[in-house]
Amino acid sequence: LAGRAAEEPLCDMLADSSPRVARAVSWALIRLGPSSATIERSWQITIEHQQSGTRNATFRLIGSCGRWTALRLACRGVGSIDADLDERCSALLANCMTTWNRSFTSPPAGERAELEALVPVAIRVLDPATVATLMLSVNPYLDLPVAIPDDGR
């Protein structure tokens, strides 16, 4: 392929009706190292196309991103009225929390403001244990006006 020149056409192919095509495209984009524009476009494809094959491919791609990008996108979809999107974003969030301490990077400046806006919204729909874990994980990195909830222990 043509490297970065192929990225945009490949990204659009994530919405292909064939799960095989979408899967192959997601792996190709992962190997290429998707740009932030590709990640945003894949999120739009996730919202616009509810087919299982498409969402499997887009969430594979999103899950391969850094922890801050994955967390940001998980927080966007948690609590969605689209039950499948809510479930997938909850699973992505759980995966982020499970693997959190494998990296100690700070959020990129471009993602920090969105994260600081999304996390307080997401915690309104999360269970108390997940909220406590999330807040303990992100508080050292983000300026959040939310206290860590007392889970009764």
Side-chain angles (χ1 to χ4, degrees), residues 1-126 130-131 133-144:
L1 296 174
R4 286 285 169 213
E7 188 174 12
E8 188 176 336
L10 278 173
C11 187
D12 290 337
M13 291 172 64
L14 283 169
D16 195 280
S17 61
S18 167
R20 284 184 175 179
V21 170
R23 181 176 52 245
V25 167
S26 70
W27 285 116
L29 287 168
I30 289 168
R31 282 189 297 279
L32 183 62
S35 67
S36 58
T38 293
I39 296 303
E40 286 302 316
R41 177 66 184 127
S42 70
W43 178 255
Q44 288 305 315
I45 290 169
T46 300
I47 301 300
E48 296 166 4
H49 300 275
Q50 298 179 0
Q51 301 91 339
S52 180
T54 298
R55 285 199 170 164
N56 288 342
T58 58
F59 272 89
R60 179 180 303 108
L61 179 61
I62 290 166
S64 75
C65 296
R67 71 180 182 166
W68 294 108
T69 299
L71 176 64
R72 179 173 52 88
L73 296 176
C75 287
R76 278 187 192 173
V78 168
S80 171
I81 59 171
D82 178 339
D84 179 60
L85 183 63
D86 176 50
E87 184 178 324
R88 288 174 187 266
C89 286
S90 295
L92 181 61
L93 178 64
N95 186 58
C96 285
M97 295 297 95
T98 301
T99 61
W100 192 260
N101 287 326
R102 292 184 187 168
S103 170
F104 297 99
T105 60
S106 294
E111 293 186 11
R112 184 182 183 94
E114 187 177 358
L115 280 162
E116 289 174 345
L118 287 170
V119 169
V121 174
I123 65 171
R124 292 182 194 143
V125 296
L126 296 171
T130 302
V131 170
T133 302
L134 176 61
M135 295 306 294
L136 283 170
S137 299
V138 302
N139 263 341
Y141 303 98
L142 302 176
D143 183 23
L144 297 171

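Every heavy atom of this structure was used, including side-chain atoms; hydrogens, water molecules and symmetry mates were not.
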> Considering the options D12, T58, T46, which one meets the side-chain hydrogen bond (donor to acceptor under 3.5 Å, both in side chains) requirement together with R41?
Replying inline: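 Testing R41 for a side-chain hydrogen bond (donor to acceptor under 3.5 Å, both in side chains) against D12, T58, T46 leaves exactly one candidate, D12.
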
Quick one: does any side-chain atom of [X] pair with a main-chain N or O of [Y] as donor and acceptor, under 3.5 Å?
| X | Y | value |
| --- | --- | --- |
| E116 | L142 | no |
| R23 | N56 | no |
| D86 | V78 | no |
| W43 | I62 | no |

Taking all non-hydrogen atoms of both residues, which atom of [X] and which atom of [Y] are closest, and how far apart?
| X | Y | answer |
| --- | --- | --- |
| P19 | G53 | CB-CA, 4.1 Å |
| A22 | A57 | O-CB, 3.3 Å |
| P107 | L115 | CB-CD1, 4.0 Å |
| C11 | S42 | SG-N, 4.0 Å |
| S35 | E7 | N-OE2, 2.7 Å |
| C65 | I39 | SG-CD1, 3.1 Å |

Are [X] and [Y] close enough that some pair of their side-chain heavy atoms sits under 4.5 Å apart?
| X | Y | value |
| --- | --- | --- |
| D82 | I47 | no |
| W100 | V138 | yes |
| L14 | L61 | yes |
| L93 | L126 | yes |
| C89 | F59 | yes |
| Q51 | S17 | no |
| R55 | H49 | no |
| R112 | W68 | no |

> side-chain contact (heavy atoms from CB on, under 4.5 Å) between M135 and V119: does it pass, once the steps are laid out?
Replying inline: CA-CA 9 Å; M135 295 306 294; V119 169; 4.1 Å; yes

To the closest 0.5 Å, what do you measure between [atom1] ([X]) and [atom2] ([Y])?
| X | Y | atom1 | atom2 | answer |
| --- | --- | --- | --- | --- |
| T38 | L10 | OG1 | CG | 8.5 Å |
| L85 | S80 | CG | OG | 4.5 Å |
| I123 | L118 | CD1 | CG | 12.0 Å |
| T54 | D16 | OG1 | CG | 7.5 Å |

> In terms of heavy-atom contacts, does CD of E87 have more than 12 from other residues, nucleotides or ligands at under 6.0 Å?
Replying inline: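 Not buried by this count: 12 neighbours or fewer within 6.0 Å.
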
> In this structure, are over 12 heavy atoms from other groups packed under 6.0 Å from Q44 atom CD?
Replying inline: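 Check passes, neighbour count above 12.
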
> So, T133 and T130: side-chain donor and acceptor under 3.5 Å apart, yes or no?
Replying inline: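 Note: T133 and T130 side chains miss the donor-acceptor criterion.
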
> Looking at R72, R67, R76, which one forms a salt bridge (Lys or Arg N to Asp or Glu O under 4.0 Å) with E111?
Replying inline: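 So, applying the salt bridge (Lys or Arg N to Asp or Glu O under 4.0 Å) to E111 and each of R72, R67, R76, only R72 qualifies.
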
